> 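Sharing a structure here in structure tokens format.
Fair warning: this is a prediction, and the values are worked out from it, not measured in the lab. In the text below, chain A, chain B and the rest are named by the order of the sequence lines, each starting its count at 1.
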Amino acid sequence: ECGRISLPTPTVHLGDPITASCVISPNCSHLDPESQILWKLGTELQPGKRQRRLADGRQESTITVPRLSSPRVLLSCCVRWGTSLQILDQAEVQAGYPPATPHDLSCLMNLTTNSLICQWEPGPDTHLSTHFTLKSFKSRGNCQTQEDSILNCLPNDGQNHCSIPRRDLLLYQNMSIWVEAKNALGTSKSPQLCLVPMDVVKLEPPTLWALAPSPEVAPPQPGCLLLRWEPWKPSLYIEQKCELRHQPQLGEDSWVLVGPLLSQTLQYELCGLLPSTAYVLQMRCTRWPLPGQWSDWSPSLTLTTAQR
Amino acid sequence: ECGRISLPTPTVHLGDPITASCVISPNCSHLDPESQILWKLGTELQPGKRQRRLADGRQESTITVPRLSSPRVLLSCCVRWGTSLQILDQAEVQAGYPPATPHDLSCLMNLTTNSLICQWEPGPDTHLSTHFTLKSFKSRGNCQTQEDSILNCLPNDGQNHCSIPRRDLLLYQNMSIWVEAKNALGTSKSPQLCLVPMDVVKLEPPTLWALAPSPEVAPPQPGCLLLRWEPWKPSLYIEQKCELRHQPQLGEDSWVLVGPLLSQTLQYELCGLLPSTAYVLQMRCTRWPLPGQWSDWSPSLTLTTAQR
Amino acid sequence: PLGPTSSLPQSFLLKCLEQMRKVQADSTVLQERLCATHKLCHPEELVLLGHALGIPQPSLSGCSSHALQLTGCLRQLHNGLVLYQGLLQALTGLPPELTPALETLQLDIGDFAINLWREMEELGVAPAVPPTQGAMPAFTSAFQRRAGGVLVASNLQSFLELAYRALRSFAKP
């Protein structure tokens, strides 16, 4: 072993100083044991090192880099050898920040994937490899008492969302959820959410249809439209309310909201519209009267009202 | 246990007969031990069964289905119970064919995935779950002697190709490769290929460019085009020859082939074309003089010849 | 304990009814799969086998319209759910194409039993000792598991149908 760098820690706060030492050993073949040790930071030779001979005859050089200003720095311990500069050892120093507190944690129960999907804001870049873990436990009452072991949900690298599978959930009981961020400089925890999975269920939008006039169905009045809709099939067991919004296809009119509406209607006449005008219609539903999240708006249905 | 069907084999040749027996046990609660056993094939009651009492008092019924004409049949052993027909046991009989010999086995060495990709024709549908395995061993000379253990490459379900990864290959040595097909009615083997992976290397096409006139490059003669091309970067270490083909953009003329050409040319004048005419050009290359497979034709380059 | 004509907290009742509909939907899916893949579409063809296998059917006498009694009905409903958890557990080993449907049903029934028990505790009507599943039938062949699946799913539907009607009547007037 010709040279060995030692660092107090391979990771420091960005902007903090770091002191390193390098010891060169006398029994390194071809090396003049009295050589002067030189330091390179990246590719730049560094001033300001102190060299001394240790009791056992080895040479030790110590250097303090006042301010680490880039997240990745290579420190090299070198000696002159003839006309060339020889690298004997190299160490990577990482500089960054401890993880900020993850915030804006929110969760939705997805009935398609049958999982509770939570997402959060990670906070500013720490320049260090930072791992996020979504943690949770089931609880009675308002999440003060922990009922069972803490569950860890590991997001894929670089992603700020995680899905807790159905088998780890009690859909109608409280659970406490938070995010933990961890890197070499520390750990931080988001505020805890206390929620019941089914109370944050987000449904898929209902399906809207035009109701073709038929013997049983009289044609719509002027300025009216005939519609029907059905909730998203996998949510049939959930009592819901829905909202309809419409606006003329042309022009700048804003949406007009109609609701609350039943989640299923075989025939609905929407009136108060301009005659022989094309309207764009959308609908969304939410679990009700039990709590839930509004679905996205359904794809648009474009219908034209009857003439006067 | 009220009733138990036994079959000589759960899988038979399509078109063959099958004989099954069902034994009903006297200690089946609520069941009259003298009941007449009835058979259903799918949902159809079947005639032609023989029933006898066994020495131990159990009733046994045997039925022979003359010809199984569909690949999957449900046989039910039933008894009358009051006014209803009760199912006591059910067995699924599969009918199909032993695997045909896989044919048209061919392999290409892919330098992008760094694997030997082999594909084959599986032969007619056997109606049975049939598993294909690509087998190979490294060999000296012409694959008569096996050098090391047989390697199994398992294709994804339903796929008729498999990739042997780089770490299992000696790129410049012979290997013997064949496909084995196996289902409940038998096994079959394709003819063996004996090949050297690099001798079936298939390169990616070269890249064709127009050569813009510049101080160093005189503008092309009428009826000529100025081109340059470069081989696919990962194949730079491979000696290659290339071919160019061209045809007028409009009209029905067939391709005109120009070759062999070097795999890399900084400036090439293609003449003998119609003046002020748009031509479509494509190029492909192959390892040469060592054996290899032609690359696909490159994407088209469209250039217009100079006026007279 | 609650009187015979007491009513249930609205929020609990709504969640209870929703869960019942969810379990019924799950069990319909299992029945449809058994019918599609194994042509076992009629539970009435398997009654004899059901008797022979000894598939128990829990009582809901406390929930019947002419003897409606809230505490008794809730306890019987919970006992029934625990029993069906056991029956579904005994069906483990059904073919892979049925596993997702069976697992969803097992999870949802498990959830429902826990919620009901906790609510009964809060209402002060939970028995001192939680019920146990008792002896379960042994399904010794692939066919018996499939037939058992049809019978258990069908019995569960009727069980929940009766319980659903009873609970609706406990809603606040």
Side-chain angles (χ1 to χ4, degrees), chain A residues 109-116 136-148 151 163-175 194-204 230-241 260 263-264 285-293, chain C residues 8-33 77-78 81 85 88-89 92 99-123 126 130 156-157 160-161 163-164 167-168 171-172:
Chain A
M109 182 65 198
N110 183 312
L111 295 185
T112 311
T113 58
N114 229 345
S115 60
L116 185 70
S136 63
F137 60 76
K138 296 175 190 132
S139 166
R140 292 186 77 135
N142 45 20
C143 294
Q144 296 316 312
T145 55
Q146 179 183 328
E147 286 262 317
D148 64 349
L151 185 83
S163 293
I164 302 175
R166 169 71 183 85
R167 64 179 177 279
D168 294 335
L169 297 169
L170 278 180
L171 296 184
Y172 290 83
Q173 293 290 323
N174 265 315
M175 65 190 292
C194 182
L195 58 81
V196 173
M198 272 309 276
D199 291 351
V200 290
V201 69
K202 180 177 179 186
L203 310 177
E204 292 299 320
E230 267 178 22
W232 175 51
K233 209 162 178 350
S235 69
L236 278 173
Y237 70 90
I238 296 175
E239 260 186 297
Q240 310 166 32
K241 70 175 178 182
S263 65
Q264 182 144 10
C285 298
T286 182
R287 182 180 187 228
W288 182 85
L290 289 171
Q293 301 279 332
Chain C
L8 284 168
Q10 178 73 357
S11 153
F12 166 68
L13 184 64
L14 288 173
K15 278 191 259 183
C16 220
L17 296 175
E18 181 177 278
Q19 283 193 267
M20 278 190 185
R21 293 193 296 267
K22 185 168 175 35
V23 171
Q24 284 183 299
D26 295 341
S27 115
T28 303
V29 167
L30 181 61
Q31 286 178 286
E32 284 164 357
R33 291 275 155 72
L77 173 55
H78 183 262
L81 292 176
Q85 267 184 293
L88 290 168
Q89 202 58 41
T92 306
T99 307
L102 180 63
E103 265 172 16
T104 300
L105 182 52
Q106 288 172 324
L107 282 169
D108 287 341
I109 271 199
D111 257 32
F112 190 11
I114 288 173
N115 299 336
L116 187 55
W117 179 259
R118 288 187 177 178
E119 191 66 26
M120 284 161 69
E121 282 182 327
E122 265 145 44
L123 293 171
L156 175 57
Q157 289 278 24
L160 288 175
E161 213 43 60
Y164 192 83
L167 284 195
R168 282 191 78 106
K172 267 206 171 66

> Please test C:L107 against A:R167 for side-chain contact (heavy atoms from CB on, under 4.5 Å), starting from the C-alpha separation and ending with a verdict.
CA-CA 7 Å; C:L107 282 169; A:R167 64 179 177 279; 4.2 Å; yes
> Relative to chain A, which segment of C:E121 carries a heavy atom at a distance below 4.5 Å: side chain, backbone, both, or neither?
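Answer is side chain: those atoms of C:E121 sit under 4.5 Å from chain A.
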> Please list, chain by chain and in numerical order, all residues satisfying side chain to side chain contact (heavy atoms under 4.5 Å, CB included) with C:D108, sequence neighbours excluded.
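In terms of side chain to side chain contact (heavy atoms under 4.5 Å, CB included), with neighbours along the sequence ignored, C:D108 is linked to A:R166, A:L171, C:K22, C:V23, C:D26, C:T104.
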> The test is salt bridge (charged side-chain N to carboxylate O under 4.0 Å, His left out); show your working for C:K15 and C:E119 and say whether it passes.
CA-CA 11 Å; C:K15 278 191 259 183; C:E119 191 66 26; over 6 Å; no
> Quick one: what part of C:Q19 sits under 4.5 Å from any heavy atom of chain A, side chain, backbone, both or neither?
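Its backbone and side chain both get close to chain A.
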> Which heavy atom of C:Q85 sits nearest to which heavy atom of C:I109, and what is that distance?
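For C:Q85 and C:I109, the tightest heavy-atom pair comes out as CG-CG2, 3.3 Å.
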> If only atom types and distance count, is the side chain of C:Q157 paired as donor or acceptor with the main-chain N or O of C:Q24 below 3.5 Å?
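Present.
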> For C:T92, what residues pass the side chain to side chain contact (heavy atoms under 4.5 Å, CB included) criterion, not counting sequence neighbours?
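Checked C:T92 against side chain to side chain contact (heavy atoms under 4.5 Å, CB included); matches are C:Q89, C:Q106.
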> Do you know which of C:L17, C:L14, C:I114 has the most heavy-atom pairs with chain A at a distance under 4.5 angstrom?
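Highest number of heavy-atom pairs under 4.5 Å: C:L14.
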> Could you work out, with side-chain hydrogen bond (donor to acceptor under 3.5 Å, both in side chains) as the rule, every residue matching A:K202, not counting sequence neighbours?
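Only A:D296 meet the side-chain hydrogen bond (donor to acceptor under 3.5 Å, both in side chains) criterion with A:K202.
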> Using a heavy-atom distance cut-off of less than 4.5 Å, which residues of residues 136-145 of chain A contact chain C?
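Expected list: A:S139, A:R140.
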